[in-house]
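Letters A, B, ... are given to chains in the order of the sequence lines, protein chains preceding strands, and every chain is numbered from 1.
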Amino acid sequence: GENVEQHPSTLSVQEGDSAVIKCTYSDSASNYFPWYKQELGKGPQLIIDIRSNVGEKKDQRIAVTLNKTAKHFSLHITETQPEDSAVYFCAASTTGNQFYFGTGTSLTVIP
Amino acid sequence: SQTIHQWPATLVQPVGSPLSLECTVEGTSNPNLYWYRQAAGRGLQLLFYSVGIGQISSEVPQNLSASRPQDRQFILSSKKLLLSDSGFYLCAWSVLLAESGQYFGPGTRLTVT
């Protein structure tokens with residue numbers, strides 16, 4: 001089965017700086033890669049996703065890149081704000097039935 | 001638009017008592033449905049998923065069970081709770097066979113005492 005690794009497990013940045021979270025996957029058949037943000041006591045929320053036929057996708061301060069050859073994808077948050085503090089999860093999927101999650105990154109943005 | 005509901009939001013149960021958590025989805029038909037458990041606020045452990053009524057796949061052996069009595073209803077149950085069943089339980093849905101994400105409910109915080 002698919003194996004998704006996520007790094008780092010914790011990340012602290014100064015407000016206004018950029019944050020990068022990286023994930024690798026093992027199954028070359030995976031073709032869909034969502035990212036989730038989970039605030040304390042809430043369910044994860046889908047914030048951005050990328051499909052295997054796309055190398056990069058941006059949505060305001062958030063961007064995701066995908067390198068299919070190396071089997072890794074990354075989340076980039078620019079101009080970080082305190083409200084960006086949360087746990088972030090990456091995931092990989094093939095058919096859309098099964099999703100394989102990374103272990104999460106706890107991001108703290110220091111004002 | 002689609003919405004997903006879970007209840008109760010919080011639950012405190014003694015060891016050995018039964019459990020029933022309910023999840024319903026609105027605004028979509030024939031969704032995939034999932035139950036996850038999250039311990040200590042990190043890591044999503046897939047417990048069960050369902051691609052249709054009465055079709056349940058179990059990912060881990062445990063004293064929990066799941067049922068899907070209706071297309072958009074997913075129930076997590078236990079006959080006798082263990083201390084180790086404490087955690088944050090999340091229900092999620094996705095579109096069958098589509099390159100789209102999972103959408104999570106608000107979760108149920110279960111504490112077994």
Side-chain angles (χ1 to χ4, degrees), chain A residues 1-11 21 23 29-54 57 59 64 66 68 73 75 85-108, chain B residues 1-11 21 23 25 28 30-52 55-60 74 87-111:
Chain A
E2 174 66 279
N3 181 46
V4 177
E5 296 188 357
Q6 183 172 346
H7 300 282
S9 58
T10 59
L11 179 60
I21 302 170
C23 290
S30 289
N31 55 10
Y32 176 72
F33 307 91
W35 284 88
Y36 293 85
K37 175 184 181 181
Q38 185 177 26
E39 297 176 343
L40 193 63
K42 297 183 178 180
Q45 179 185 9
L46 179 67
I47 57 172
I48 195 168
D49 56 15
I50 192 166
R51 292 167 176 77
S52 59
N53 59 345
V54 175
K57 183 177 179 180
D59 183 3
V64 57
L66 171 65
K68 288 190 300 181
F73 55 113
L75 177 71
S85 296
V87 178
Y88 291 81
F89 291 95
C90 63
S93 176
T94 52
T95 63
N97 285 356
Q98 284 266 42
F99 290 79
Y100 299 89
F101 286 85
T103 50
T105 296
S106 179
L107 172 64
T108 301
Chain B
S1 64
Q2 300 87 7
T3 56
I4 179 169
H5 304 278
Q6 283 187 248
W7 64 90
T10 60
L11 191 60
L21 303 181
C23 170
V25 180
T28 187
N30 197 27
N32 291 339
L33 295 173
Y34 308 80
W35 279 112
Y36 289 87
R37 178 168 58 202
Q38 190 174 37
R42 297 280 299 273
L44 296 163
Q45 180 187 29
L46 179 63
L47 302 176
F48 302 95
Y49 73 93
S50 171
V51 299
Q55 300 178 63
I56 310 293
S57 296
S58 174
E59 292 297 305
V60 291
F74 207 23
F88 193 46
Y89 287 82
L90 291 157
C91 181
W93 70 273
S94 71
V95 177
L96 185 65
L97 296 176
E99 291 181 0
S100 62
Q102 281 181 324
Y103 300 91
F104 287 84
T108 294
R109 173 73 60 190
L110 172 65
T111 303

Options A91(A), G43(A), P44(A), ranked by heavy-atom pairs under 4.5 Å with chain B, top entry:
P44(A)

Side chain, backbone, both or neither: which part of [X] has a heavy atom under 4.5 Å from chain B?
X       : value
S52(A)  : neither
T105(A) : backbone
Y36(A)  : side chain

Partner residues of Y100(A) under the ring-ring contact (aromatic ring centres under 6.0 Å, His included) criterion, sequence neighbours left out:
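Not a single residue meets the ring-ring contact (aromatic ring centres under 6.0 Å, His included) criterion with Y100(A).
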
Check side chain to side chain donor-acceptor pair (under 3.5 Å) between K57(A) and all other residues, then give those that pass, not counting sequence neighbours.
D49(A)

Answer yes or no: does atom CD of Q2(B) have more than 12 heavy-atom neighbours from other residues, nucleotides or ligands under 6.0 Å?
yes

Minimal non-hydrogen separation, L46(B) against Q98(A), with atom names:
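What the structure gives for the nearest pair is CD2-OE1, 3.4 Å.
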
Heavy-atom pair of closest approach, residues Q38(B) and F89(A)
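Looking at all heavy atoms of both residues, the shortest contact is NE2-CZ, 3.5 Å.
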
Does the Y32(A) side chain pair with the main chain of G101(B), one donor and one acceptor, at a distance under 3.5 Å?
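Yes; at least one donor-acceptor contact below 3.5 Å.
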
Please round to the nearest 0.5 Å and tell me the distance separating atom CZ of F99(A) and atom OH of Y36(B).
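Reported value, rounded in 0.5 Å steps: 7.0 Å.
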
